[in-house]
Amino acid sequence: MKTVKMVLDKSYVVAPVDKRVYGSFIEHLGRAVYGGIYQPGHPEADADGFRKDVIELVKELDVPVIRYPGGNFVSNFVWEDSVGPLKDRKARLELAWRSLEPNTFGLGEFSKWCDNVNAQIMMAVNLGTRGITDACNLLEYCNHPSGTKYSDLRREHGVEQPYDIKLWCLGNEMDGEWQLGRKTMDEYGRLSQETGKAMKLIDPSIELVSCGSSFMGMPTFPQWEATTLDYNYDYVDYISLHQYYGNLNDDSSDYLAQSDDMEEFIHTVISACDFVKAKKRSKKKINLSFDEWNVWFHSKAEEDNITQRHPWQIAPPLLEDHYTFEDALMVGLMMITLLKHADRVKIACLAQLVNVIAPIMTDEKLGAWKQTIYYPFLHTSKYGRGVVLHTPVKCPEHETKEHGAVKDVVSVAVFNEEMEEVTVFAVNRNLQEAVKMEADIRSFEGYEAVEKIEMKADNLKARNSLQQETVKPVSVKDVRIEAGMVETVLKAASWNVVRLKKK
Ligand code: AHR
């Protein structure tokens, strides 16, 4: 059997895991809000109209930060429409997804919902069809205590204490031709510089995310990053990365090799940030906010059909990807890739959270259920808190059509000193062969295996549904520890969580 060998040493630390890498995203899109987190009249709805079944699943995922309200939606959003008494709120045409936005759920409702799931808001401002003034007004409404037009408006709306939102996105995917109010890199550079400057004058305690390229394949990547940061470097703290993958050619080996592209994407953005840092002779480091990542490809045809032929519906079923087992492997690979860069990736948002390219789905009349991708996210969020270890790995490879020779196993180790636990997350993306894992853990004296969680399905295309959870993790007992060496077998095409704890 092929063998992957690794050394785990508690003294060699990449960086602490910023818990915000387990963030997610709720956009006013499809059934994410209406019929997702909010559905008055549903048997599971609480007094605020929030679905309790969804709240329970989100709480289980332990998502510390949630990006809101978009996404593409934000680029034509008029935030004033979504606050204040419900009776005064009017519906609007929503142009990004060509839907009807009833505005019966807005910032106030979202903040209350976030309190229910113990999450902070990551708020985006509209730099598409609006600009500096509206961003400042919104920030004043959210964070200023009282005595000004917008802080007093918030108080009139029954919210005495400021929302105190700490993390703000300066627009969304401003390079994209699909974006309302798309900008050139110079236009966005200047606008984000001036908006960032003004926002930090209102509240210097906030952190700002500059829009990076919409994805790695954009023609202006990575010049966009270098040029826009050149303008706004002094005012922003993070730059965003967005990337979705899919098995478009139905070649599963190549599909799972795409996490190597994500790796390269991260390296290139770090290089662009550090290039500008060097150019400016700056001491400040810009970190990465990977604030949209996931698999997204199953639902593209329905999306085109609804937005082009059946527009202006309230909460149509958009972007409802029904995920397979191999998608769960891909999500596991992406999460591992993010964790490996814990020194620079400080924020990441699984896009999205409910119904729209989501780990959690709801039935209109019945309950909520877990997609296949729910599990790798759950496991990393639950056991991947602590510090990421530098782990030298010697790994066998297999051939793929597009990516050439790629490593069979992609893994990361996280040490939680407080809990005296070290966990290895590993995907064997070799679809044919099992690989033996050998880990040298001599620096973790007295540690024993507490659990090995495995996800493996005979059919790569297996899916879950409300009625049946076909793809789910199991506990397996095949971890041996002897003389400081851990041995276990990573089955072909499998997700693995090996948990070790001090006796
Ligand atoms: O998450 C779905 C969409 O993907 C977002 O609205 C947009 O930012 C991205 O293109």
Side-chain angles (χ1 to χ4, degrees), residues 23-34 36-37 63 65-77 94-99 101 110 122-129 167-183 188 192 209-221 224 238-246 248 262 265 288-304 306-307 311 315-323 327 330-331 334 347-361 371 373 377:
S24 190
F25 180 24
I26 288 283
E27 177 166 0
H28 280 247
L29 195 187
R31 299 193 306 124
V33 173
Y34 307 104
I37 62 176
V63 178
V65 65
I66 304 181
R67 189 161 170 256
Y68 179 83
N72 296 340
F73 171 85
V74 81
S75 291
N76 74 134
F77 180 48
E94 195 294 292
L95 305 183
W97 305 102
R98 304 193 75 216
S99 303
E101 171 54 54
F110 187 62
M122 178 183 192
M123 191 76 191
V125 299
N126 175 355
L127 292 190
T129 58
L167 196 52
W168 293 77
C169 305
L170 294 168
N172 178 68
E173 297 188 349
M174 298 305 315
D175 58 339
E177 144 301 288
W178 56 90
Q179 202 68 214
L180 271 303
R182 174 197 191 181
K183 307 276 182 281
Y188 178 70
S192 56
V209 184
S210 180
C211 274
S213 299
S214 295
F215 57 96
M216 196 186 170
M218 289 300 286
T220 46
F221 175 78
W224 173 279
Y238 307 94
I239 187 156
S240 73
L241 294 83
H242 290 181
Q243 189 71 51
Y244 296 96
Y245 292 113
L248 287 166
M262 186 186 200
F265 188 16
L288 276 49
S289 171
F290 214 122
D291 46 45
E292 284 189 35
W293 68 273
N294 202 347
V295 169
W296 173 16
F297 73 111
H298 295 287
S299 61
K300 292 274 186 192
E302 283 103 302
E303 178 191 322
D304 292 345
I306 292 173
T307 55
L318 284 167
L319 280 64
E320 298 207 1
D321 271 34
H322 193 179
Y323 291 115
D327 298 331
M330 188 61 201
V331 163
M334 293 176 88
I347 303 161
C349 303
L350 175 68
Q352 297 192 11
L353 188 54
V354 183
N355 288 333
V356 172
I357 40 174
I360 299 169
M361 299 299 287
Q371 295 239 45
I373 64 166
F377 189 83

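Throughout, residue positions are numbered sequentially from 1 according to the sequence presented. Every number for a ligand or one of its atoms is a count from 1 in the order of the listing.
- Ligand 1 lies within reach of W296, whose nearest heavy atom is under 4.0 Å from it.
- Residue-level proximity to ligand 1 for W97 is carried by the side chain, the only part with a heavy atom below 4.0 angstrom.
- E292 OE1, 3.0 Å is the protein heavy atom nearest to atom 9 (C) of ligand 1.
- Among all non-hydrogen protein atoms, the one lying nearest atom 7 (C) of ligand 1 is N72 OD1, 3.2 Å.
- Using modelled atom types, one finds no donor on one side chain facing an acceptor on the other under 3.5 Å when comparing H28 with E94.
- Using a 30° and 60° split on the angle between ring planes, F221 and F265 fall in the perpendicular class, above 60°.
- Here the side chain of E27 pairs a donor or acceptor atom with the backbone of F73 at under 3.5 angstrom.
- Scanning all protein heavy atoms for the shortest distance to atom 1 (O) of ligand 1 gives Y244 OH, 2.7 Å.
- With S24 as the fixed residue, the side chain to side chain contact (heavy atoms under 4.5 Å, CB included) test singles out one of D291, L353, V65, V354: L353.
- Under 4.0 angstrom from ligand 1, the non-hydrogen atoms of I357 all belong to its side chain.
- Residue H242 places no N or O, backbone or side chain, under 3.5 Å from any N or O of ligand 1.
- Considering CG of D321 and NE2 of H298, their distance stands at 5.5 Å, rounded to 0.5 Å.
- Near E173, with a cut-off below 4.0 Å to any heavy atom, the atoms of ligand 1 are 7 (C), 8 (O), 9 (C), 10 (O).
- In this structure, W224 and Y188 have parallel ring planes: the angle between them is below the 30° cut-off, well short of the 60° mark.
- Using a 4.0 Å cut-off between heavy atoms, F73 makes no contact with ligand 1 at all.
- Nearest to atom 6 (O) of ligand 1 among the protein's heavy atoms is E27 OE1, 2.6 Å.
- Residues N172 and N72 bring a donor and an acceptor atom of their side chains to less than 3.5 Å of each other.
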